[in-house]
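Take a look at the structure set out below.
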Amino acid sequence: MRVCFEMRVKPERLAEYTRRHTAVWPEMLSAIRDAGRRNYSLFLRADGLLIGVYDTDDDEAAQRALAADPRTERWEAEMSDFFIASSGRPDQEAPRLPEVFNLEDQLARTQQGPDRA
(Lines give C-alpha, C1' and ligand atoms only; values in the text may rest on other atoms or scores of the structure.)
Protein backbone atom coordinates (compact mmCIF):
# COMPACT_ATOMS: atom_id res chain seq x y z
CA MET A 1 0.00 0.00 0.00
CA ARG A 2 1.26 3.45 -0.94
CA VAL A 3 0.33 6.29 1.39
CA CYS A 4 0.47 10.00 0.62
CA PHE A 5 -0.20 12.80 3.09
CA GLU A 6 -0.01 16.57 3.18
CA MET A 7 0.90 19.11 5.81
CA ARG A 8 1.90 22.76 5.96
CA VAL A 9 5.25 23.87 7.35
CA LYS A 10 5.32 27.36 8.82
CA PRO A 11 7.03 29.66 6.28
CA GLU A 12 9.43 31.04 8.87
CA ARG A 13 10.57 27.48 9.74
CA LEU A 14 11.21 26.12 6.20
CA ALA A 15 15.00 26.38 6.29
CA GLU A 16 15.28 24.79 9.70
CA TYR A 17 12.81 22.04 8.80
CA THR A 18 14.88 21.19 5.72
CA ARG A 19 18.11 21.28 7.72
CA ARG A 20 16.69 18.98 10.41
CA HIS A 21 15.74 16.42 7.77
CA THR A 22 19.20 16.23 6.21
CA ALA A 23 20.27 13.98 9.10
CA VAL A 24 17.28 12.52 10.94
CA TRP A 25 18.25 10.84 14.22
CA PRO A 26 19.26 7.20 13.69
CA GLU A 27 16.80 6.01 16.35
CA MET A 28 13.96 7.79 14.54
CA LEU A 29 14.95 6.21 11.23
CA SER A 30 14.94 2.81 12.92
CA ALA A 31 11.53 3.45 14.51
CA ILE A 32 10.03 4.34 11.12
CA ARG A 33 11.52 1.22 9.53
CA ASP A 34 10.50 -1.00 12.46
CA ALA A 35 6.92 0.30 12.22
CA GLY A 36 6.75 -1.02 8.68
CA ARG A 37 7.16 2.09 6.56
CA ARG A 38 9.38 1.80 3.50
CA ASN A 39 10.42 3.99 0.58
CA TYR A 40 9.50 7.07 2.65
CA SER A 41 10.05 10.49 1.05
CA LEU A 42 9.09 14.05 1.92
CA PHE A 43 8.68 16.79 -0.67
CA LEU A 44 8.59 20.45 0.40
CA ARG A 45 7.37 23.32 -1.75
CA ALA A 46 8.67 26.86 -1.21
CA ASP A 47 5.32 27.98 0.24
CA GLY A 48 5.43 25.29 2.95
CA LEU A 49 3.30 22.57 1.36
CA LEU A 50 4.78 19.27 2.51
CA ILE A 51 3.88 16.03 0.77
CA GLY A 52 4.94 12.71 2.26
CA VAL A 53 4.82 9.36 0.48
CA TYR A 54 5.67 5.90 1.80
CA ASP A 55 4.88 2.23 1.31
CA THR A 56 3.54 0.00 4.07
CA ASP A 57 1.67 -3.26 4.42
CA ASP A 58 -0.72 -1.82 7.03
CA ASP A 59 -0.85 1.94 7.61
CA GLU A 60 -3.01 1.74 10.73
CA ALA A 61 -0.61 -0.76 12.33
CA ALA A 62 2.37 1.41 11.36
CA GLN A 63 0.71 4.47 12.92
CA ARG A 64 -0.04 2.56 16.13
CA ALA A 65 3.52 1.26 16.29
CA LEU A 66 4.98 4.75 15.89
CA ALA A 67 2.56 6.24 18.42
CA ALA A 68 3.60 3.62 20.98
CA ASP A 69 7.33 3.73 20.25
CA PRO A 70 9.26 5.81 22.81
CA ARG A 71 11.92 6.57 20.18
CA THR A 72 9.44 8.78 18.29
CA GLU A 73 8.09 10.86 21.15
CA ARG A 74 10.93 13.39 21.40
CA TRP A 75 11.28 13.78 17.61
CA GLU A 76 7.58 14.37 17.08
CA ALA A 77 7.40 16.78 20.02
CA GLU A 78 10.22 18.83 18.48
CA MET A 79 8.67 18.68 15.01
CA SER A 80 5.14 19.69 16.05
CA ASP A 81 6.00 23.39 16.21
CA PHE A 82 7.10 23.38 12.56
CA PHE A 83 3.56 22.80 11.31
CA ILE A 84 0.54 25.01 10.80
CA ALA A 85 -2.53 23.67 12.65
CA SER A 86 -0.67 20.86 14.37
CA SER A 87 -2.17 19.82 17.67
CA GLY A 88 0.15 17.03 18.69
CA ARG A 89 1.88 14.33 16.67
CA PRO A 90 2.06 15.86 13.20
CA ASP A 91 2.71 12.73 11.16
CA GLN A 92 -0.16 10.93 12.86
CA GLU A 93 -2.76 13.64 12.22
CA ALA A 94 -1.85 14.49 8.61
CA PRO A 95 -4.71 14.00 6.15
CA ARG A 96 -4.17 11.13 3.72
CA LEU A 97 -4.59 11.78 0.00
CA PRO A 98 -6.27 9.11 -2.14
CA GLU A 99 -4.20 7.74 -5.00
CA VAL A 100 -5.93 8.29 -8.33
CA PHE A 101 -3.18 7.11 -10.71
CA ASN A 102 -0.25 4.74 -10.51
CA LEU A 103 1.86 4.04 -13.58
CA GLU A 104 3.03 0.58 -12.55
CA ASP A 105 -0.49 -0.57 -11.66
CA GLN A 106 -1.87 0.54 -15.01
CA LEU A 107 1.03 -0.89 -16.99
CA ALA A 108 0.54 -4.22 -15.22
CA ARG A 109 -3.15 -4.21 -16.16
CA THR A 110 -2.30 -3.59 -19.82
CA GLN A 111 -0.10 -6.70 -19.75
CA GLN A 112 -3.02 -8.91 -18.63
CA GLY A 113 -4.31 -9.40 -22.18
CA PRO A 114 -7.59 -8.68 -23.97
CA ASP A 115 -9.82 -9.33 -20.94
CA ARG A 116 -7.96 -6.83 -18.75
CA ALA A 117 -10.01 -5.01 -16.19
Side-chain angles (χ1 to χ4, degrees):
M1 148 186 258
R2 286 172 296 275
V3 177
C4 179
F5 64 90
E6 71 169 292
M7 300 177 71
R8 290 262 173 199
V9 176
K10 294 175 181 175
E12 68 274 13
R13 306 291 305 270
L14 290 172
E16 184 181 358
Y17 183 85
T18 300
R19 183 187 59 76
R20 299 274 301 267
H21 281 81
T22 60
V24 173
W25 304 335
E27 62 270 18
M28 189 63 211
L29 298 173
S30 295
I32 293 168
R33 180 201 57 220
D34 295 348
R37 291 182 177 176
R38 308 175 297 283
N39 196 27
Y40 194 158
S41 295
L42 297 172
F43 301 87
L44 183 60
R45 200 165 66 183
D47 67 356
L49 176 66
L50 178 76
I51 300 293
V53 180
Y54 58 86
D55 297 326
T56 184
D57 295 327
D58 182 341
D59 193 36
E60 290 181 18
Q63 292 222 85
R64 284 192 305 273
L66 285 168
D69 192 322
R71 295 175 292 181
T72 67
E73 188 173 350
R74 192 176 107 214
W75 175 266
E76 290 198 15
E78 288 191 23
M79 290 295 107
S80 66
D81 189 48
F82 283 88
F83 299 101
I84 296 170
S86 177
S87 61
R89 299 184 73 148
D91 188 41
Q92 304 295 315
E93 67 187 36
R96 295 331 194 225
L97 302 175
E99 184 175 52
V100 296
F101 169 80
N102 181 278
L103 176 63
E104 284 73 24
D105 290 349
Q106 289 196 27
L107 286 172
R109 284 198 303 264
T110 64
Q111 302 302 313
Q112 293 175 1
D115 295 324
R116 62 185 178 253

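In this text the structure is predicted, and so the values were computed from the model without any measurement.
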Mutual orientation of the aromatic rings belonging to Tyr40 and Phe5 [parallel < 30°, tilted 30-60°, perpendicular > 60°]: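 Correct class here is perpendicular.
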If I compare all heavy atoms of [X] with all of [Y], which pair ends up nearest, and what's the gap?
X	Y	answer
Thr72	Leu66	OG1-O, 2.7 Å
Asp69	Ala31	OD2-CB, 3.6 Å
Gly36	Thr56	O-OG1, 3.1 Å
Ile51	Cys4	CG2-SG, 3.6 Å

Just verifying a value: how many Å separate Leu14 CG and Arg19 CZ, rounded to the nearest 0.5 Å?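 Going from the CG atom of Leu14 to the CZ atom of Arg19 covers 13.5 Å.
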Distance in Å, Leu50 CG paired with Ile84 CD1, rounded so as to fall on 0.5 Å steps: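 Going from the CG atom of Leu50 to the CD1 atom of Ile84 covers 11.0 Å.
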State, with a plain yes or no, whether a side-chain heavy atom of [X] is found less than 4.5 Å away from one of [Y].
X	Y	result
Asp81	Arg13	yes
Val3	Val53	no
Arg38	Tyr54	no
Leu44	Val9	yes

Considering only NZ, NE, NH1 and NH2 on the basic side and carboxylate oxygens on the acidic side, decide whether Asp105 and Arg2 come within less than 4.0 Å.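 Yes, Asp105 and Arg2 are salt-bridged.
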Hydrophobic cluster identity match, Leu107 and Phe101, side-chain contacts under 4.5 Å: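 Yes; tracing contacts between hydrophobic side chains, which count when under 4.5 Å, links both residues.
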Under the side-chain hydrogen bond (donor to acceptor under 3.5 Å, both in side chains) rule, what pairs show up with a residue in residues 23-34, not counting sequence neighbours?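 Counting only pairs at least two positions apart or across chains, the side-chain hydrogen bond (donor to acceptor under 3.5 Å, both in side chains) contacts touching residues 23-34 are Asp34-Arg71.
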Can you list the residues that meet the ring-ring contact (aromatic ring centres under 6.0 Å, His included) rule with Phe82, with sequence neighbours excluded?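 In terms of ring-ring contact (aromatic ring centres under 6.0 Å, His included), with neighbours along the sequence ignored, Phe82 is linked to Tyr17.
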Please list all pairs meeting salt bridge (charged side-chain N to carboxylate O under 4.0 Å, His left out) that have one or both residues in residues 46-56, counting only residues at least two apart or in different chains.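 Residue pairs with at least one partner in residues 46-56: Arg8-Asp47, Arg45-Asp47.
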Residues forming a side chain to side chain contact (heavy atoms under 4.5 Å, CB included) with Val24, sequence neighbours excluded: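 His21, Met28, Leu29, Trp75.
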I'd like to check the side chain to side chain contact (heavy atoms under 4.5 Å, CB included) partners of Glu60; sequence neighbours left out, ordered by chain and number.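 Side chain to side chain contact (heavy atoms under 4.5 Å, CB included) check on Glu60 returns Asp58, Arg64.
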List for me each residue that meets side chain to side chain donor-acceptor pair (under 3.5 Å) alongside Arg20, sequence neighbours excluded, and say none if there are none.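 Listed in chain order: Glu78.
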